[in-house]
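Just below is one structure, and these are the notes that go with it.
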Amino acid sequence: MPEGHSIHRLARQLTDVFAGQRVRVSSPQGRFAAGAALLDGHVLTGAEAIGKQLLIHFKNHDGEGPGRGEYGDGDRQGPDGDENGEHRVLRIHLGLYGAFSFGGDASFRGASSIGAPRRIGETESGAQPGGEYLGPPAPVGAVRVRLVSEHGWADLRGPSACEVLTSDDVRALRAAAGPDPLRSGAPAAADDAGGAPAAADDAGEFSGRLRRRHVACGQLLMDQGVIAGIGNVYRAELLFRAGIDPYRPGKRVTEQEAVDLWADAVFLMRDGVRLGRIVTTQRDPAHAVAVQDLTLDVDAADIPEEHGRFVYKRTGQPCPRCGTPVASAVMAGRNLYWCPGCQH
DNA sequence: CCCGGATGGCAAC
DNA sequence: TTGCCCTCCGGGC
């Protein structure tokens, strides 16, 4: 269910509440018992999102051993550059219904910078108003992974992927991913731990990957190797805002259109991270889109849910730009929404 | 109280 | 293209 913005929020949350701490890792459900044993008792050094992939980094802190070098502070390549085998990475993909829940004492909850968790992909519990934090509750349901620190806990259920990666795996994962709008540029302290300072030319990279393919651009936006983190809602809304027909082949999207799509994705998804929900009807004062005169010139936080999208799940309702009923069809196994009247 | 859909992705036909 | 994964929750009975 979550698109890239949710994964970036989770990476930030996990870093906020666990980074630098030794954690107990278990699999109450049992399905991840072997993997949990590889991580149990290690120090969680940070979490990062690459598109919809969530990577949680651990280092083995048993180290009575003479000071092994710290991770290079200046090394922005990310900690997986470490070759000594003590660094381990947990890869999680939430798929359609994976979700984290968190709970802990006041310091644990206070460490979170994402504000109140949202229902999609993140929930909060164990916030006993007047009570004292007495440790994690008995696991309810199928908890694939449980992380427990001194101050709180996190439970993961229903992920489509959950595995411990080798350094080679991590390198391959990074190489396969397209540019991620939420790792691009400098979101002023808004980026997660391993966030590399993205090349200024992410827009160009996206444009190249989009425009060299003959496949429908509505399908390419969902291709994580073309652009990482876009899901079904952002795909439909980005193309509507740009006035682009989802069936137009990637190679027939102009360079300017591609660059504008990228800029709009960066804008919308940063709001998604900030708010914990997808809003796409707000105006970007710094960037003109085809739908500019229909956008709301207010903070996206103030836009109610029912006014938060232009076409997604609005089949049959009149297009806000031209009045044509919004159409829907299945494209590559997913429901696509668009206006056949004004998207060309 | 059951059914089915959901902001994914994959392997197998 | 289809089925499957395997979880939650809302809508319709």
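Each chain gets a letter, A, B and so on, in the order its sequence line appears, and its residues count up from 1. Given the structure is predicted, the values throughout are model-derived calculations rather than measurements.
- Counting to the nearest Å, the P atom of B/dG8 and the CZ atom of A/Arg91 are 16 Å from each other.
- Judged by a 6.0 Å distance limit and a 45° cone about the ring axis, A/Arg211 is not positioned over the six-membered ring of A/Phe206.
- Distance, A/Arg157 CZ to B/dA6 P: 23 Å, rounded to whole Å.
- Going from atom CG of A/Leu94 over to atom P of C/dT7 covers 13 Å, rounded to whole Å.
- Side-chain atoms of A/Asp105 and A/Ser107 include a donor-acceptor pair closer than 3.5 Å.
- In this structure, A/Phe102 and A/Phe108 have tilted ring planes: the angle between them lies in the 30° to 60° band.
- B/dC10 and C/dC8: their P atoms are spaced 23 Å apart (whole Å).
- Rounded to the nearest 0.5 angstrom, A/Asp302 CG and A/His307 NE2 are separated by 13.5 Å.
- Atom name C1', nucleotides B/dG5 and C/dG3: the rounded distance is 16 Å, in whole Å.
- Counting non-hydrogen atoms under 4.0 angstrom, A/Ala142 reaches the backbone sugars and phosphates but no base.
- Nucleic acid contact class of A/Gln53 (heavy atoms, under 4.0 Å, all strands): none.
- Atom OH in A/Tyr97 sits roughly 4 Å away from atom C1' in C/dC6 (whole-Å rounding).
- Contacts between residues 324-335 of chain A and DNA chain B, defined by a heavy-atom separation below 4.0 Å, involve A/Arg334, A/Asn335, listed by number.
- Taking atom NE2 on A/His93 and atom P on C/dC5, their separation rounds to 18 Å, with Å as the unit.
- One side chain, A/His57 or A/Glu48, offers a donor N or O that lies under 3.5 Å from an acceptor on the other.
- Checking side-chain atoms of A/Glu257 against main-chain N and O of A/Thr254 turns up a donor-acceptor pair under 3.5 Å.
- The CD1-C1' distance, from A/Ile278 to B/dA6, rounds to 12 Å in whole Å.
- Taking only side-chain nitrogens and oxygens, A/Lys52 comes nearer than 4.0 Å to OP1 or OP2 of B/dG9.
- Within residues 221-235 of chain A, the residues approaching DNA chain B are A/Gln224, A/Gly231, A/Asn232, A/Val233, by heavy-atom distance under 4.0 Å.
- Without hydrogens or angle criteria, A/Asp16 side chain to A/Ser113 main chain gives a donor-acceptor distance under 3.5 Å.
- In the region residues 206-217 of chain A, proximity to DNA chain B at under 4.0 angstrom, judged on heavy atoms, holds for none of the residues.
- Regarding A/Ile92, its CD1 atom lies at a distance of 15 Å from the C1' atom of B/dG8, rounded to whole Å.
- Judged purely by distance below 3.5 Å, without hydrogens or angles, the side chains of A/Asp180 and A/His8 pair a donor atom with an acceptor atom.
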What dot-bracket string describes DNA chain C from 5' to 3', counting Watson-Crick and G-U wobble pairs whose defining distances are under 3.5 Å, with [ ] for crossing pairs and | for pairs to another strand?
|||||.||||||.

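- Within 6.0 Å of atom NE2 in A/His287, more than 12 heavy atoms from other residues, nucleotides or ligands are found, so the atom counts as buried in its surroundings.
- Taking atom C1' in both C/dC4 and B/dG4, the straight-line distance is 15 Å, to the nearest Å.
- Remark: the A/Arg91 side chain and the A/Gln53 side chain contain an N/O donor-acceptor pair separated by less than 3.5 Å.
- Transitive grouping of hydrophobic side chains (ILVMFWY, heavy atoms separated by less than 4.5 Å) keeps A/Leu210 and A/Met222 in distinct clusters.
- Partners of A/Lys251 under the side chain to side chain contact (heavy atoms under 4.5 Å, CB included) rule, at least two apart in sequence or in another chain, are A/His214, A/Pro249.
- Both A/Val289 and A/Ile230 belong to a single network of hydrophobic side chains, linked directly or stepwise wherever heavy atoms of I, L, V, M, F, W or Y lie under 4.5 Å apart.
- With hydrogens and angles ignored, the 3.5 Å screen pairs no side-chain donor or acceptor of A/Gln292 with any backbone N or O of A/Arg283.
- At distances below 3.5 Å, not a single donor-acceptor pair connects side-chain atoms of A/Thr315 with backbone N or O atoms of A/Val326.
- Counted by atom type alone, A/Gln282 and A/Asp271 present one or more donor-acceptor pairs between their side chains at under 3.5 Å.
- Counting only distance, with no hydrogens or angles, the side chain of A/Arg241 and the backbone of A/Asp264 share no donor-acceptor pair below 3.5 Å.
- Within a heavy-atom distance below 4.0 Å of DNA chain B, no residue of residues 30-38 of chain A is found.
- In this structure, the CG atom of A/Leu173 is 10 Å from the P atom of B/dC10, given to the nearest Å.
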